[in-house]
Amino acid sequence: MATVVSVSDGGIIVGKPKWRPLENEGNLALLLLLPTVALLLMFIAYPFVRGILLAVTNSKVGVIGDFVGFENFARLLKDPIFHAVVYNTFLYTFVTTVFKLILGLWLALLLNRDFKFKAFTRAFILLPFIVPTVLACFAWKWMFDPTFSVINWMLFKLGIVAAGAGVNWLGDGDMAMLSIMIVNIWRGVPFFAISLMAGLQTISPDLGEAAAIDGAKPLQRFWYITWPLLMPVTMVVVLFSVIQTFSDFQIVYVMTGGGPANATHLFATYAYQLGIGTGLLSQGAAVSLAMFPLLFAIVIFQLMYIRRVETR
Amino acid sequence: MSNVTIRHVHKHYADFHAVKGISLEIKDKEFVVLVGPSGCGKTTTLRMVAGLETITEGDIMIGNKIVNELPPMDRDIAMVFQNYALYPHMTIYDNMAFGLKMRKFDKAEIAKRVNNAADILDIKEHLSRKPRMLSGGQRQRVALGRAIVRNPKVFLFDEPLSNLDAKLRVQMRVELKKLHQRLATTSIYVTHDQVEAMTLGDRVVVMKDGLIQQVGEPLELYNNPANKYVAGFIGSPAMNFAETVIEQVGNAVYATNPTMKIRVPEQIAARMGPHKGKPATLGIRPEDLHMATGADPEELSFDAVVEVAEQLGSEIILDLKAGGGAMVASVEPTVKVKPQQKIRLGINPRGLRFFDAATEAAI
Amino acid sequence: MIEGAIWRRWVFFRLPMAIFLIFLLFPFYWMIITTFRPDGELYIPWYRANYKPFWTWNPTTAHLKYLFGETTFAIWMWNTTFIAVVATAISLFCGVLAGYALSRLNFRGAALLGTTIFVTYLVPQTLLFIPLSEIIRAYSLGDTPWSLILSYPTFLIPFCTWLMMGYFKSVPKELEECARIDGATRWQAMLYIIIPVAVPGILSAMIFAFTLSWNEFIYALVFLSSPEQKTVPVGVISELVRGDVFFWGPLMAGALFGSIPVAIAYSFFVEQYVSGVTGSVKG
Ligand SMILES: Nc1ncnc2c1ncn2[C@@H]1O[C@H](COP(=O)(O)OP(=O)(O)O)[C@@H](O)[C@H]1O
Ligand SMILES: [Mg+2]
């Protein structure tokens, strides 16, 4: 072998390895991680620091600002639109997550049965989740159009609304919030359903059958067996969904642009409007950074909860 | 020369001392089996020889070269894993050829060696298949084939048969033995199954808790176990033990407890000097017990109560209450006994063993 | 299956399933039908008697002609494809290597780095788009595809890494140990054995990364400005909406054709995609 050899006493030779630095696990790991770490430092860590720096200055587009401390944040605390943004975002996140969980779980339970065209159905069900959200939102916007709404036509045919008095889906503040919630739920249910179905499949049917033999009714079986066993997966799915929804941008941007009268502004859309629309970079950066501690708290809380559930 | 020398080798994991200083000399062409209960450090030892684990302390030599620092690729060894570790994306041919390709053999030589190994192992018709299309036994052969094509200095086996069903296991055991007779490559074989160890090994190394208990040829371990642990581990059904006290009565030495009074044979009695008046463990193998007849002297027999009798055809295994505990006897298939029946068992005196009650070392 | 009477099957299974399917798929039907419906039929108020929503007897390709003739839709498609493919390739490259290192090599700081990457996986794009736009401008990448090709990996790499870590962990470690005994270096064992074995995992990471970059919106909206640089989602919104005038026919045609590439990619790899969804939540 091509090893360098050193002879010591007694005819014993000590094998010396060739110089192969990548046989060392640490070195190899360093090399393999280098591109990732470099990209993440340049495009996540650095922007994050820049974001904080922006938020404590009064920069505008093309104008390097001066240090102003927490003035931007102080201004947000007094800004009624920002108050609405915080309220909207929490409401939007909470309501949609609850519905996505309930509907997603229901759909997962339906999909978990054996039926014809199951693979086919499952493939189609994911469509809302995979197509570009912006483009799908246009379809919804068109369906919600005040004059040409097919949904209003359906309600009209069902006798729920009268000819001249359709639902003003996107024009009225509360209805607009409802509309964007519907679209968010529409996009999120498939993700919940498919993930929860995967979770359901890891639960042995024997358990349910054993419980059935013990005399448990279907609802009891679900509540005492399926639901607790599904909890870890559920928590992770909810975690992902909450982060996505809390930081949502596309649905509101397309459907309402934050209106009417700021009734549907979320953190991201308000940050965009301030930072990019109006050019007040610092204030925009402050709004999106304000998302961070809240998101962070939610994530920590959920991760702790997940750990507790898993170690139980 | 491809002897393997292990000198005072230790392995510390972060918080666990897995191998506690073992030394072993494995001769060229020898087939050595490491056997012991799960967790005793067999695999760790083997992996240190392979270069898959670092050696915390001590030296390992292959031939006359200390290989401590060498990566696995430079040690010229082959290893067969418990789960076979066949490369699932490659055909059987490519699986066997991989090691040769890595070592830059030319195509013709690779083909020759692979075909030759496939012939030996009778897997020729599977060469173009993927591992997942093969049965467990066939995969096992491929794993062997992959090891032998390279013609390495040393074969390492880590419980290679434990994923096979009982019948195949016996069959593969025989084939392994034949293969070794044919290739005569130095082999280290790890198993927790003492039958495998006894049938395969030129020498057997019994390990426990990271330490070697005894090294020897199979019969030597069976006949002269160095301590109570080895005595109980080797042989099936396992050796019976009874706690006794050694007493001198006249010229004779006896091992006694409330239900037994057994005379210690002369050769052992000669070594009993320092143990007199002290507790010692009496050991007797099930096959050294028989139904007592008038010919059996009082001092080489004892009473027992039958709990269960298992008729195996060639023998009957009796589970008994005797000697202050449970015992097992292997008796003639013609014996007729019922549960709860009181019987008297005779001892073959050459089968008697005694162990120091404190150190468990053989007396 | 549902035991018992037929009506139970209807009430507990078929009916809810049908309602779910209609809810989830109707917007797509609406996209398709609008694409081929002449303007004269589109713009009829919903309360009129002649509002016939579900079918048309006068299909037209006028909207498609407008989309491909009057706008640079084809260029947007090309831009989106190019960006998605390159960003996916970069992210897979980085993610597979990093996932391998984090799941199969022992080195100091492995756990810390793994956690850090998981945390960046949770950082939403909308948190960083403003400072990132500054940085893109500082690097002179503004209004070029490279602004997106380099910034998309920030959310794709953590995802790919996470997915691949899960996949690599399921490959027995004996495989590469055996390869190393067979004479391979660690690098060769990774390249010839573990990565080929992980191809299904790589495929699901790939298809996921591709759809994520195809669908990305806010970076594209902020970093790109000239019409011929835009991606489909941004192009459609800026060129087919004039003030508050919506060209619904071409818009729906754009939505339809902008969805088709992901739908096709997806249909080839449904299984991988589904295992990606489930893998991403299992971790
Ligand atoms: N990587 C490791 N880290 C910590 N402890 C280990 C590791 N590998 C093995 N051990 C411990 O070392 C002991 C010996 O293991 P092993 O050699 O695999 O036993 P066996 O004799 O069953 O093959 C076991 O108790 C095991 O738990
Ligand atoms: Mg082992």
Side-chain angles (χ1 to χ4, degrees), chain A residues 20 22-23 25-26 28-29 32-33 35-36 39-40 43-44 47-48 50-51 54 107 110 114 123-125 127-128 130-136 138-140 142-143 147-150 152-153 156 163 166 194-195 198 233 236-237 240 243 247 249-250 268 275-276 281 284-285 288 291-292 299, chain C residues 1 13 16-17 20 24-25 27-28 30-31 34 43 45-47 51 53 94 97-98 100-101 105-107 120 122-124 126-128 130-132 134-135 150-151 153-154 157 161 185-187 211 214-215 217-218 222 233 236-237 248 251-252 255 258-259 262-263 266 270 274 277-278 281:
Chain A
R20 272 183 294 230
L22 291 186
E23 285 305 280
E25 288 182 76
L28 182 60
L32 296 180
L33 286 163
T36 295
L39 263 167
L40 295 187
F43 291 94
I44 287 200
F48 193 75
R50 276 293 288 264
L54 263 181
L107 185 53
L110 293 178
D114 278 328
F124 268 97
I125 275 174
L127 272 180
I130 63 144
V131 301
T133 303
V134 168
L135 302 182
F138 273 114
W140 278 100
W142 173 220
M143 284 157 58
T147 326
F148 310 107
S149 170
V150 64
N152 275 351
W153 175 83
F156 175 54
I194 297 295
S195 307
V233 177
V236 180
V237 176
F240 278 81
I243 292 166
S247 63
F249 175 78
Q250 313 190 12
I276 309 293
L281 283 179
S288 48
M291 211 165 16
F292 185 71
V299 170
Chain C
M1 264 330 298
F13 182 69
M17 193 63 140
F20 269 115
L24 294 175
L25 298 181
F28 299 107
W30 203 236
M31 257 184 219
T34 306
Y43 299 114
W46 53 267
Y47 44 81
Y51 188 84
C94 295
L97 297 187
Y100 181 86
L105 295 177
N106 280 316
F107 59 98
T120 51
L122 299 178
V123 172
T126 44
L127 194 71
L128 296 177
I130 291 175
L132 203 50
E134 286 284 274
I135 290 166
L150 290 174
S151 53
T154 57
I157 291 177
T161 306
T185 59
R186 281 184 190 276
W187 174 262
T211 52
W214 186 279
N215 299 356
F217 180 62
I218 191 165
V222 175
V236 166
I237 211 168
W248 286 116
L251 255 175
M252 288 300 101
S259 302
V262 269
Y266 164 75
V270 182
V274 170
V277 173
T278 47
V281 297

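Labels below follow one simple rule: chain letters A, B, ... track the order of the sequence lines, proteins then strands, and each chain is numbered from 1. The figures that follow rest on heavy atoms only: side chains count, while hydrogens, waters and symmetry mates do not.
With sequence neighbours left out, the side-chain contact (heavy atoms from CB on, under 4.5 Å) criterion links A/Ser247 to A/Met291, C/Pro124, C/Thr126. Scanning for ring-ring contact (aromatic ring centres under 6.0 Å, His included) contacts around C/Trp214 gives C/Phe210, with sequence neighbours left out.
In terms of heavy-atom pairs under 4.5 angstrom with chain A, the leader among C/Ile157, C/Val236, C/Leu150, C/Val123 is C/Leu150. Heavy-atom pairs under 4.5 Å with chain C peak, among A/Leu127, A/Leu110, A/Thr133, A/Leu39, at A/Leu110. Among A/Ile243, A/Ile130, A/Leu33, A/Val134, the residue with the largest count of heavy-atom pairs under 4.5 Å with chain C is A/Ile130. Considering only heavy-atom pairs separated by less than 4.5 Å from chain C, the leading option among A/Gly51, A/Gly284, A/Ala136, A/Ala123 is A/Ala123. Heavy-atom pairs under 4.5 Å with chain C peak, among A/Gly26, A/Pro35, A/Pro47, at A/Pro47. Of the residues considered (A/Leu107, A/Leu28, A/Leu281, A/Leu54), A/Leu107 shows the highest number of contacts with chain C, using heavy-atom pairs under 4.5 Å.
In this structure, CZ on C/Phe28 lies 10.0 Å from CG on A/Leu135, to the nearest 0.5 angstrom.
A distance-only check finds no donor-acceptor pair linking the side chain of A/Gln250 to the backbone of C/Ile218 [under 3.5 Å].
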If you apply the rule side chain to side chain contact (heavy atoms under 4.5 Å, CB included), what do you find for A/Leu22 with C/Thr185, and how did you get there? CA-CA 8 Å; A/Leu22 291 186; C/Thr185 59; over 6 Å; no
Under the side chain to side chain contact (heavy atoms under 4.5 Å, CB included) rule, what do A/Thr36 and C/Leu97 come out as? Steps first, then yes or no, please. CA-CA 9 Å; A/Thr36 295; C/Leu97 297 187; over 6 Å; no
Step by step, work out the side chain to side chain contact (heavy atoms under 4.5 Å, CB included) result for A/Leu32 and C/Trp187. CA-CA 10 Å; A/Leu32 296 180; C/Trp187 174 262; 3.7 Å; yes
Criterion side chain to side chain contact (heavy atoms under 4.5 Å, CB included) on A/Ile125 and C/Phe20, from CA distance to verdict: CA-CA 9 Å; A/Ile125 275 174; C/Phe20 269 115; 5.9 Å; no
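Smallest separation of non-hydrogen atoms from C/Val262 and A/Pro132: CG2-CD, 3.7 Å.
Contact of A/Leu40 with chain C is made through the side chain alone, with heavy-atom distances under 4.5 Å. In this structure, chain C has a heavy atom under 4.5 Å from the side chain of A/Ile276, while its backbone stays farther away. Contact annotation for A/Val131: both backbone and side-chain heavy atoms come within less than 4.5 Å of a heavy atom of chain C.
In this structure, C/Trp248 and A/Trp142 have parallel ring planes: the angle between them is below the 30° cut-off, well short of the 60° mark.
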